[in-house]
There are 2 protein chains.
Amino acid sequence: MAKLQKSIEKRNALVKATINLVNNNGFHATPMSKIAKMANVSPATIYLYFDNKQDLVNKVYIEVKAAYTAYAFKNYSNDIPVAKGFEIIWKRIADFKLKEVEEAMFLAQCDNTPIIDEASRQEGLKHLQPLLDLWEKGKKEGIIKPLSPYLLYAYSINPLSFLMVMQQRGVFQLNQDHLEDAYQAAWNSIKK
Amino acid sequence: MAKLQKSIEKRNALVKATINLVNNNGFHATPMSKIAKMANVSPATIYLYFDNKQDLVNKVYIEVKAAYTAYAFKNYSNDIPVAKGFEIIWKRIADFKLKEVEEAMFLAQCDNTPIIDEASRQEGLKHLQPLLDLWEKGKKEGIIKPLSPYLLYAYSINPLSFLMVMQQRGVFQLNQDHLEDAYQAAWNSIKK
DNA sequence: TAAAAAAGAATGAACATTCATTTTTAGTAT
DNA sequence: ATACTAAAAATGAATGTTCATTCTTTTTTA
C-alpha cells in the first residue's frame, strides 16, 4: 500500500501560479485552467490539493500572510526596548515588501477586496499580535502616542503598502534614502 | 424624429449598482445580470449606456475619482497658505471617506487590483495635481519636508483609506477625536 | 501489484453579449 | 387638445463561450 504523500513541489507551484496570475490579471480573470497550465499540472490535479477555487485562494492568503509576519518578526523579541523593536520590525516589513514583491502585492489585493472569506481574514490578523503588544508596552512607557492600534498601523506600517504598489507600477523608484525618510516619517507619526 | 436623450436616472442607477455590488461581492462575482436587476433595468439596457463590462467599470472609476477630487478641493484655492491649505484638503478628504463610504471603498478596491485598465488609472491620477502643487510650494517655502510626493501622499493622505476600510469592516469606530489625532499624525509626518 | 496521484476529456452551469420585438418618446398634422 | 408616426429606448429571450468541477482512464509509487 502506497503512502499518502502528494508532491509538495506541485502544491508550491500551484500557490506560486495563483499569486502571479491574481496579481497580474485579478481574481476575476484567473481561471483554474490557467493556474494549472502555469504550474504544469492538469486542472483536475488542483482538486487533489484544494477543495475548490475559493479554498485555494483562502489558503494561499493565509500562507503568504504567515510568511510575511514570520519575516517581519524574525529578529524581534519582546525584551528589546520599544523604539528599537519598532525599528527592527518596520525595517523587516519594508524589506519584505521590496524583496517579496509578488507576495506583498497579493496581500494588498486580498486586503482590499472581498476575494478572501471573512474567516481567513481573521486568521490572517492574528499573526500581528506581537506588534500590538509592542505598542501597548510603548504606550505604558509613554514612548508611543496613546492612539488606537489601527491609527498606529495606518500611519506607520500601512504606508509601505502604498509605496510598494506605486513602485511596482513603475510610478517611482523607491531607494534606500527614501526608505530612511519613510522610516522617520513612520516613527514621527506614532512616537509621543 | 425623436431626440437622442437617454434617461440619466437609469445611467445613475447602473453606476450606483455597480459600485454597491463590486464593493460587496468583488468584480469577479458581479455579473451584468445582477447589476441590471439592482438598477431595475434589463441586462440589454446596460449596453445602451456602456460598451461592455470593462467599459462600465472604467467609466464608473473615472467618475467616482472625479467626484472625490472635486469634493477634496472644494474649499481650497491656491492663494491659501500651505499649512492651512493642507488642513482644508485633508479634512475634506477625510469627510468624503467617512460620508461617501461606498464611493471611497470602490476607489480603494480599484486602486489595489487590476480591474481598471491602465489608461483609466492614469486619467484618475491627473485630478490630484492641486495637491502636488501645494506640496511643491510648501517645499520651496521650507514648510514641507523635501520628500517625493509619493512619500508625502503615503504618509498623509493614504492612511485615511486604511482607516476607512477598517471602519467599514466594523473593526473599529472612527470618531471625531480619532480624526483629529489622525490629522495631527498626518501633518507631523510631512511638515518640516 | 494495488493504491495513490495525475491526467485529459466531459459535463453542466453561469455569464457577457446580441437579437428580434415591444414600448416609449416627442415632434407633426389634424 | 388628439391622434399619428418614426425613431429611440428598452426589453426578455436567445446565443455561444468560458469556466469550475467531475468522471474515467492512465501513470506513478512503494
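Heavy-atom basis, side chains included; hydrogens, waters and symmetry copies ignored. Every chain is numbered from 1 and lettered A, B, ... according to where its sequence line falls, protein lines coming before strand lines.
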Check: B/Ile116 main-chain N/O paired with B/Ser120 side-chain donor or acceptor under 3.5 Å = no

request  = Grab the NZ-C1' distance between B/Lys34 and C/dC15 for me, whole Å please.
outcome  = 12 Å

key: ring-ring contact (aromatic ring centres under 6.0 Å, His included) contacts in which one or both residues fall within residues 30-58 of chain B, not counting sequence neighbours   = none

ask   = Can you list, by residue number, the residues of residues 11-31 of chain B that have a non-hydrogen atom closer than 4.0 angstrom to DNA chain C?
value = B/Thr30, B/Pro31

task = Measure the distance from NZ on B/Lys53 to C1' on C/dC15 and round it to the nearest whole Å.
result = 8 Å

query = Is any side-chain nitrogen or oxygen of B/Lys10 closer than 4.0 Å to OP1 or OP2 of D/dA10?
reply = yes

key: For atom CE of A/Met32 and atom C1' of C/dG8, their distance in whole Å   = 16 Å

key: For A/Lys99, all residues meeting salt bridge (charged side-chain N to carboxylate O under 4.0 Å, His left out), sequence neighbours excluded   = A/Asp95

message = Just the rounded figure in Å: distance from P of D/dT22 to CG of A/Asn52.
response = 8 Å

side-chain contact (heavy atoms from CB on, under 4.5 Å) partners for A/Gln173, two or more places apart = A/Gln167

task = Please work out which residues in residues 36-49 of chain B have a non-hydrogen atom less than 4.0 Å from an atom of DNA chain D and list them by number.
result = B/Val41, B/Ser42, B/Ala44, B/Thr45, B/Leu48, B/Tyr49

key: Euclidean distance, atom CZ of residue B/Phe50 to atom C1' of C/dA16 [Å, nearest integer]   = 16 Å

request  = Only counting residues at least two apart or in another chain, list the ones meeting side-chain contact (heavy atoms from CB on, under 4.5 Å) with A/Asn75.
outcome  = A/Ile88, A/Arg92

task = Any ring-ring contact (aromatic ring centres under 6.0 Å, His included) involving residues 171-192 of chain B? Give me the pairs, sequence neighbours left out, ordered by first then second residue.
result = A/Tyr150-B/Phe172, B/Phe86-B/Trp187, B/Trp90-B/Tyr183, B/Phe172-B/His178

task = Report the residues that fulfil salt bridge (charged side-chain N to carboxylate O under 4.0 Å, His left out) with B/Lys53, sequence neighbours left out, ordered by chain and then residue number.
result = none

ask   = C/dA6 C1' sits how many Å from A/Glu9 CD, rounded?
value = 15 Å

inquiry  = With side chain to side chain donor-acceptor pair (under 3.5 Å) as the rule and sequence neighbours excluded, what pairs involving residues 155-165 of chain B come up?
reply    = B/Lys97-B/Ser161

